[in-house]
Number of protein chains: 2
Amino acid sequence: MPNTGPAPDPADIARIRRFNRAVTREAGALDASFLGRGRPLGAARALCAIGRDGRDVSAVRAELGLDSGLMSRLLRGLEAEGLVTLAPDPADRRRRLARPTAAGLREIAAYDRLSDRRAEALLSGLGRTAPALLAAMDLVATALLHDRTEIAEADPAAPAARACLAAYYAELARRFEAGFDVTLSRDPAAPDMRPPRGSFLLALSDGQPVGCVGLKGDGGPVAEIKRLWIAPSARGQGLARRLMAAAEARARALGITTLRLDTNRALAEAIALYRRTGWAEVPAFNDEPYAQHWFEKGLD
Amino acid sequence: MPNTGPAPDPADIARIRRFNRAVTREAGALDASFLGRGRPLGAARALCAIGRDGRDVSAVRAELGLDSGLMSRLLRGLEAEGLVTLAPDPADRRRRLARPTAAGLREIAAYDRLSDRRAEALLSGLGRTAPALLAAMDLVATALLHDRTEIAEADPAAPAARACLAAYYAELARRFEAGFDVTLSRDPAAPDMRPPRGSFLLALSDGQPVGCVGLKGDGGPVAEIKRLWIAPSARGQGLARRLMAAAEARARALGITTLRLDTNRALAEAIALYRRTGWAEVPAFNDEPYAQHWFEKGLD
DNA sequence: ACAATTATCTGACTAAAGTCAGCTATCATG
DNA sequence: CATGATAGCTGACTTTAGTCAGATAATTGT
């Protein structure tokens, strides 16, 4: 149901349209600068989407929204240029992993520099007003990305969920003082995070997974929150709060009355969120080696 | 010579790149919605660039950055669709003027509505945070359009000029200790700010007024600078200086040899600008109740 | 073991965008 | 009135992007 609020001010609409024009011009200029490296835009975008660390082809395809035939041809082109190598994914040999070669890394770095240089030019032309502009850009980006992020239940073994979990583990390994090895942790089995025992929720931004949370149950009235993670690119939008609220709602629907969670002291934002949203710190209720804090929340 | 200032913070660059991603998606979505009218994007853009009032072909071509052959073909297509008519420019019969037909006007309106609807959707999803977002978008747009801000003479009674003046009065009311009531002030009559007595200049960023200055004359060799104002989103770019320089140039062209102005002590940035640009503080030359400083500058 | 699904590749297309050389008509200038 | 510049038109291209219908191989569910 649109048009519930007051009718938008035409002057405000004009302001937004001016913004759109300003920004499409900027985007066009960036595209044009990308063209300067003697490669069509599609190929340049594909290379950048593969990134330094390499990625599986289907992820790139989903991000760029390309037809599989076109994607295949672009990769063939990049391969012929000696910029990427393709190898079957050992985990699923239908998939292929694209990795940049040394030359590919150089090209990616060159494209990054082009982006950076535009950003620098913008910043340096501003002087003392730069912080205000950056804050404004953050606000706009957050607003534009906000309504595109939706929360959906997924199977914890589905590729999107596994991608989130892999990124989550990698981040824990970076952030925990002692590193992180999932095999030493109380890793929940997938069936405990599937209905009717539990649930696994993904935050999807335009189809891309940008966050997750697990609800691990055992059929009884007490369940645990696990694996709360937000992609770096999606932080600062209150997404963790939305995911937690969705997990609580799902738990209620599954007849769960008490939620628990354990967490590591390195995860300060998460701990702050739990405290802000009605979780009470309680004594350790398990022997999770990576946990220093335990929380509980009643769902009534 | 770039790289003079301090090296930009990589985190700031990352923020800009996040902004770019958010915004190019938005632009892509708008393009996709334009495609829904059964016309390739190039033709749709050309039609919208022609606009309601029609335009000469070379102006459209310059705006869209198209090859003359391509432009010609796009126009031929629009003509065949019955959306535009082409006629030689009476002033220079090499040029051609494109004007929308009635059907063309309807199509332009339809494209406008598509843009408007996206803007409305964004606004309505925001509620009370809308003003902050709009201000942020203005700031970003102004920064990106920085080099496209142009100064044009306007009638002081035109809507864009009145909008600037209203914003100026509102700001004075906020900033002056005693508030501001325009009826108590020495408000210049509009004819004194029109050629040949004076002038009224607007700073236009992509069509939106973002600043103004008035030159109030009485036909003699002495004129006053009035109503210097820059929209908050456009500050910090040296626009006030550009507007003042343009006003001085206009004054010279009108045969004025001495400029004066009065101002309030609350307008510190303006006073600093006057001091920096060759204005000399002089004793009060009028009884403006809101003024504490009077300046004069000779134009030789 | 079997069918269904999934990821990718290939060939054969089309549409859109863009380039380029040469043409004509008009205009500005000496 | 010749000269050169300018604006636009046309035909003959190329490149880029994108679509679609199979083919193939690997995986999943039963």
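Numbered from 1 within each chain, the chains take letters A, B, ... in sequence-line order. Just so it is clear, the structure is predicted and the values come from calculations on it, not from any experiment.
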Taking the side chain of [X] as its heavy atoms from C-beta onward, which of [options] lies nearest to it?
{"X": "A/Arg61", "options": "D/dC9, C/dT8, D/dA17", "result": "C/dT8"}
{"X": "A/Arg96", "options": "C/dA16, D/dA17, C/dC9", "result": "C/dC9"}
{"X": "B/Leu66", "options": "D/dA17, C/dC9, C/dG18", "result": "C/dG18"}

Taking [atom1] from [X] and [atom2] from [N], how many angstroms apart are they, rounded to a whole number?
{"X": "A/Asp155", "N": "D/dG29", "atom1": "CG", "atom2": "C1'", "value": "13 Å"}
{"X": "B/Leu75", "N": "D/dG8", "atom1": "CG", "atom2": "P", "value": "9 Å"}
{"X": "A/Arg37", "N": "D/dT16", "atom1": "CZ", "atom2": "P", "value": "16 Å"}
{"X": "A/Leu41", "N": "C/dG18", "atom1": "CG", "atom2": "P", "value": "11 Å"}
{"X": "B/Asp31", "N": "D/dA17", "atom1": "CG", "atom2": "P", "value": "15 Å"}
{"X": "A/Leu64", "N": "D/dT19", "atom1": "CG", "atom2": "C1'", "value": "17 Å"}
{"X": "B/Arg95", "N": "C/dA28", "atom1": "CZ", "atom2": "P", "value": "10 Å"}
{"X": "B/Asp67", "N": "D/dG11", "atom1": "CG", "atom2": "P", "value": "15 Å"}

Base, sugar-phosphate or nothing for [X]? Non-hydrogen atoms, less than 4.0 Å.
{"X": "B/Asp92", "value": "sugar-phosphate"}
{"X": "A/Arg76", "value": "sugar-phosphate"}
{"X": "A/Ser58", "value": "sugar-phosphate"}

When the nearest nucleotide of DNA chain C is assigned to B/Leu74 and to A/Ser68 on a heavy-atom basis, which residue is associated with the more 5' position? A/Ser68
Assign the ring pair A/Tyr169 / A/Phe180 to parallel, tilted or perpendicular, where the plane angle (0 to 90°) is split at 30° and 60°.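 Parallel: the ring planes of A/Tyr169 and A/Phe180 meet at under 30°.
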Supply the atom-to-atom distance A/Leu30 CG to A/Leu41 CG, rounded to the nearest 0.5 angstrom. 9.0 Å
Between the side-chain atoms of [X] and the base atoms of [N], is any donor-acceptor pair under 3.5 Å?
{"X": "B/Arg73", "N": "C/dG18", "result": "no"}
{"X": "B/Arg93", "N": "D/dG8", "result": "no"}
{"X": "A/Arg94", "N": "C/dT6", "result": "yes"}

Would you mind telling me which residue lines up with the more 5' stretch of DNA chain D, A/Ala43 or B/Leu70, judged by nearest nucleotide? B/Leu70
Please determine, by modelled atom types, if B/Ser33 and B/Arg118 share a side-chain donor-acceptor pair under 3.5 angstrom. no
Does the side chain of B/Tyr111 come under 3.5 Å of the side chain of B/Arg39 through a donor N or O and an acceptor N or O?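 There is such a pair between these side chains.
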Look at B/Asp116 together with A/Arg17 and state whether they make a salt bridge at an N to O cut-off of under 4.0 Å.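 Judged by the 4.0 Å cut-off on N to carboxylate O distance, B/Asp116 and A/Arg17 do form a salt bridge.
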